[in-house]
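This report concerns only the one structure given below.
What you see below is based on every heavy atom in this structure, not just the backbone, and it leaves out hydrogens, waters and symmetry mates. Reminder, nothing fancy here: chain letters follow the sequence lines and each chain counts from 1.
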Amino acid sequence: GENVEQHPSTLSVQEGDSAVIKCTYSDSASNYFPWYKQELGKGPQLIIDIRSNVGEKKDQRIAVTLNKTAKHFSLHITETQPEDSAVYFCAASNTGGGADGLTFGKGTHLIIQP
Amino acid sequence: GAGVSQSPSNKVTEKGKDVELRCDPISGHTALYWYRQSLGQGLEFLIYFQGNSAPDKSGLPSDRFSAERTGGSVSTLTIQRTQQEDSAVYLCASSSLGISYNEQFFGPGTRLTVL
């Protein structure tokens, strides 16, 4: 089955700087890669996703890149703000969440220092 | 409803007791998923329901775990003879279609503590 590795486990950046979180996956059949943000006491919330037919997607301060050959994808947050502090999870799936669900990384605790 | 709801939000039980966790998906969503989130870990996929179809149970960690979905809507995850290693946050998610690239909307979870 799919295995997703996520790094780093903790990331501390100064407010206004950029943050990058990286994930690798093992199953070359995976074709859907969402990123979730989880705040304390809440369920994960989708912030951006990418499908295997594109290499990059951007939404305001958030961007995701995908390298299918190397089987890795990354989340980039620019101009970080205090409200970006949370745990971020990457995930992979070859059906977009069907019978096998999503396979998640172990999460990155992002800390934005004021 | 406004979003996925789960109850109870917290459950403390004694080892060996049975527990039932409930999930109300977003109205109209045909797909429903259960995940388990252990402390400091990512989310572990447990089971998936698509409408009224029989679920794929192969992700359930042991035969003490079972789940059902009545009428294609509300779902219940049951853990029998709970063990301390069952302590985790159990998350439910729903989406409008289970076999395409549709966002999974998560509930707030049920925090289960087995003493």
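Residue B:Arg36 is tested with B:Val89, B:Asp86, B:Leu112 for a side-chain contact (heavy atoms from CB on, under 4.5 Å); the sole match is B:Asp86. Of the residues listed (A:Thr108, A:Val20, A:Ile48), the one engaging A:Leu75 in a side-chain contact (heavy atoms from CB on, under 4.5 Å) is A:Ile48, and it is the only one. Only one option out of A:Ser12, A:Ser85, A:Pro82 pairs with A:Gln113 in a side-chain contact (heavy atoms from CB on, under 4.5 Å); it is A:Ser12.
Remark: side-chain polar atoms of B:Glu44 are not paired, donor with acceptor, to backbone N or O of B:Gly42 under 3.5 angstrom.
The stretch residues 17-35 of chain B participates, sequence neighbours left out, in these salt bridge (Lys or Arg N to Asp or Glu O under 4.0 Å) pairs: B:Glu14-B:Lys17, B:Arg22-B:Asp24.
The contact between B:Leu91 and chain A is made entirely by side chain atoms (from C-beta outward), counting heavy-atom distances below 4.5 Å.
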With ring pair (Phe, Tyr, Trp, His ring centres under 6.0 Å) as the test, would you mind laying out the steps for A:Tyr25 and A:Phe33 before giving the verdict? CA-CA 10 Å; A:Tyr25 61 99; A:Phe33 308 93; 4.7 Å; yes

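Of all residues in residues 35-47 of chain A, those placing a non-hydrogen atom less than 4.5 angstrom from a non-hydrogen atom of chain B are A:Tyr36, A:Gln38, A:Gly41, A:Lys42, A:Gly43, A:Pro44, A:Leu46.
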